[in-house]
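Here is the structure we will look at, set down as structure tokens.
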Amino acid sequence: MSSFNIDNINCAELKNEVYQLGIILYPQDLINEKFLIKMRQCVYKMAEKHPLKRWLKSISKVEKRTKKEQETISFLTEVLNSRFNLITDLAIRTRIINHLLELPETSLGERLLKSHLYLIIGNISKSDNLLQEFINKAPYHNWKGFPANHSLYHKLARDNIEQIIGKLAGHPTDRRVYHLLTQYLMHFYRNDALLTLVADHQGPALEEKIELKFIERFAPNLVHYLRLIKENESTRVTKLRNVKDYPLHEQAYWYWPFLNIDPLVSQELVLELQKIEKEDQLWFIYLMDNEKLTDAYTKKTGSSFLPGRRKYLRTMLDEPSNFMLGLFKLIEFGDIDDQLINATLKFQDG
């Protein structure tokens, strides 16, 4: 998105592979008709197999909804726009429960929608458990598995996200788990529209309660992180040196990528890093964004971190759950070529 102005594309720029990949990855819900007209003019004379021509044909397909899908959209849209916090009508509750049985939990949108539907039929514990399960996973594990083609339920959640967030935040039951979710999203996610909406419903009362013991039981690692970021750097470093309270494995997934750990870098950290390299090389590559950690690793092992990583990241393109994380790093390394563009098109086609 930073490589071009989508409303002012020059056709000559489309020979550049960076521009091609940028267009293919641009969020489809942000593409307007003016841009599509311009793109049709640009790709008209391109070969049929050109990535941009294939991309344009793909997004130009009209999505046909079955009768059942249309009924699902109509019914759940009505439920999401209901002014009630609890639905007691037996027929409506039964229909909601049937949808809950079908509703996946692959994306954040699906999980938020499912949590709301449980809430509106009065199953508060199930609603909270869905959110609690999410915030107890290290951010990396929730970033994985980004789907190429979103489900009908995800799209429904996306189109009604204001209603869902409003209902989750404003429900008269205990909202502590929801308020922890808002903190999780605001610290570990980068969707500006979602974060603006979440910030309006984050619950100021949580700030006062974050030090209390009973809050910790909902999401220990997240609460530890929220406490640490409130400390000054000296206190934070002192606490993180206590590996009994803050085990290194926990630190590697929850703290190292998000806090300044330069004063902590030591041989002990490098040993933990080597363990992660063996168990999950993809996350290891992300951890190596820290220059001081990279230097310590190189000094300890006697070899550079980078050789072989590009080849490994290419293998991640064959794994749908790791595709986007692998793609991001390859872009960051500057490895944008025809192979990467074609792999991205293949991924998007499912």
Side-chain angles (χ1 to χ4, degrees), residues 1-66 69 104 106-110 143-156 158-159 190-191 281-282 285-286 306-350:
M1 291 173 68
S2 64
S3 298
F4 58 88
N5 181 347
I6 196 168
D7 292 318
N8 191 28
I9 287 289
N10 183 325
C11 293
E13 293 171 333
L14 301 184
K15 294 177 182 178
N16 186 314
E17 290 165 338
V18 173
Y19 276 72
Q20 292 175 25
L21 186 60
I23 288 169
I24 289 168
L25 287 172
Y26 203 86
Q28 290 188 16
D29 53 343
L30 298 182
I31 294 175
N32 55 40
E33 187 59 29
K34 176 184 173 184
F35 171 73
L36 284 176
I37 292 170
K38 180 68 175 179
M39 284 299 297
R40 290 186 189 105
Q41 294 170 349
C42 289
V43 307
Y44 176 69
K45 294 183 180 180
M46 290 179 178
E48 290 298 313
K49 291 186 178 180
H50 193 284
L52 289 185
K53 199 156 195 176
R54 287 156 52 204
W55 167 82
L56 188 60
K57 285 182 178 179
S58 177
I59 68 164
S60 298
K61 291 177 183 176
V62 178
E63 191 173 17
K64 294 181 180 179
R65 297 291 187 198
T66 65
E69 288 174 333
T106 306
S107 72
L108 175 60
E110 291 163 350
W143 296 339
K144 291 163 71 77
F146 186 90
N149 297 302
H150 289 294
S151 71
L152 171 68
Y153 291 106
H154 173 89
K155 293 172 184 175
L156 191 64
R158 181 195 63 200
D159 294 342
R190 292 292 179 269
N191 183 311
Q281 189 175 169
L282 184 56
I285 293 172
Y286 272 82
L306 200 53
R309 308 302 174 186
R310 287 183 162 93
K311 184 178 180 180
Y312 171 78
L313 288 170
R314 291 279 176 173
T315 67
M316 291 296 95
L317 301 181
D318 295 325
E319 298 183 18
S321 64
N322 289 327
F323 183 91
M324 293 302 285
L325 287 167
L327 176 66
F328 180 85
K329 276 298 169 185
L330 286 167
I331 292 172
E332 196 173 62
F333 289 161
D335 291 7
I336 300 174
D337 54 21
D338 288 341
Q339 183 186 355
L340 195 66
I341 292 170
N342 286 316
T344 304
L345 277 172
K346 181 181 177 182
F347 173 76
Q348 290 182 337
D349 288 340

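Counting from 1, the numbers follow the sequence of the chain as shown.
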* Test side-chain contact (heavy atoms from CB on, under 4.5 Å) applied to Leu313 and Asp335, step by step -> CA-CA 10 Å; Leu313 288 170; Asp335 291 7; over 6 Å; no

* Ile331 vs Val18, side-chain contact (heavy atoms from CB on, under 4.5 Å): CA-CA, chis, key distance, verdict -> CA-CA 9 Å; Ile331 292 172; Val18 173; over 6 Å; no

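- Between Ile23 and Phe35, the shortest heavy-atom distance links the atoms CG2-CZ, 4.1 Å.
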* Asked: So His150 and Glu110, side-chain contact (heavy atoms from CB on, under 4.5 Å) or not? Walk me through it.
  -> CA-CA 9 Å; His150 289 294; Glu110 291 163 350; 5.8 Å; no

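- Glu69 has no carboxylate O lying under 4.0 Å from a charged side-chain N of Lys64, or vice versa, which leaves the two without a salt bridge.
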* **Stepwise side-chain contact (heavy atoms from CB on, under 4.5 Å) check, His154 with Thr106** => CA-CA 9 Å; His154 173 89; Thr106 306; over 6 Å; no

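- Here the NZ-CG distance, from Lys15 to Asn10, works out to 10.0 Å after rounding to the nearest 0.5 Å.
- Contact of the Leu52 side chain with the Ile24 side chain is registered, since non-hydrogen atoms from C-beta on lie closer than 4.5 Å.
- Between Arg310 and Phe333, the closest heavy-atom pair is NH2-O, 3.3 Å.
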Which atom pairs, donor and acceptor, lie under 3.5 Å between side-chain atoms of residues 318-328 and protein residues at least two apart or in another chain?
from, atom 1, to, atom 2, distance (Å)
Glu319, OE1, Asn322, ND2, 2.8
Asn322, OD1, Lys144, NZ, 2.6

Less than 3.5 Å apart, which donor and acceptor atoms pair up between the side chains of residues 338-345 and the rest of the protein, not counting sequence neighbours?
from, atom 1, to, atom 2, distance (Å)
Asn342, OD1, Arg54, NH1, 2.9
Asn342, ND2, Asp338, O, 3.1
Thr344, OG1, Leu340, O, 2.8

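- Taking the charged nitrogens against the carboxylate oxygens, Asp349 and Lys57 have no contact shorter than 4.0 Å, which rules out a salt bridge.
- Residues Tyr44 and Lys53 approach most closely at O-NZ, 3.1 Å, considering heavy atoms.
- Taking both residues in full, the closest heavy atoms of Gln20 and Leu14 are given as NE2-O, 2.8 Å, listed atom of the first, atom of the second, then distance.
- Side-chain contact check for Gln348 and Ser58: no donor-acceptor pair (N or O, by modelled atom type) lies under 3.5 Å.
- With sequence neighbours excluded, no residue satisfies side-chain hydrogen bond (donor to acceptor under 3.5 Å, both in side chains) with Lys346.
- Here the SG-NE2 distance, from Cys42 to His50, works out to 10.5 Å after rounding to the nearest 0.5 Å.
- With rounding to the nearest 0.5 Å, the separation of CH2 in Trp143 from CG in Leu282 is 11.0 Å.
- Taking CH2 of Trp55 as the reference point, atom CG of Leu21 lies at 12.0 Å (rounded to 0.5 Å).
- To the nearest 0.5 angstrom, Gln281 atom CD is 5.0 Å from Tyr312 atom OH.
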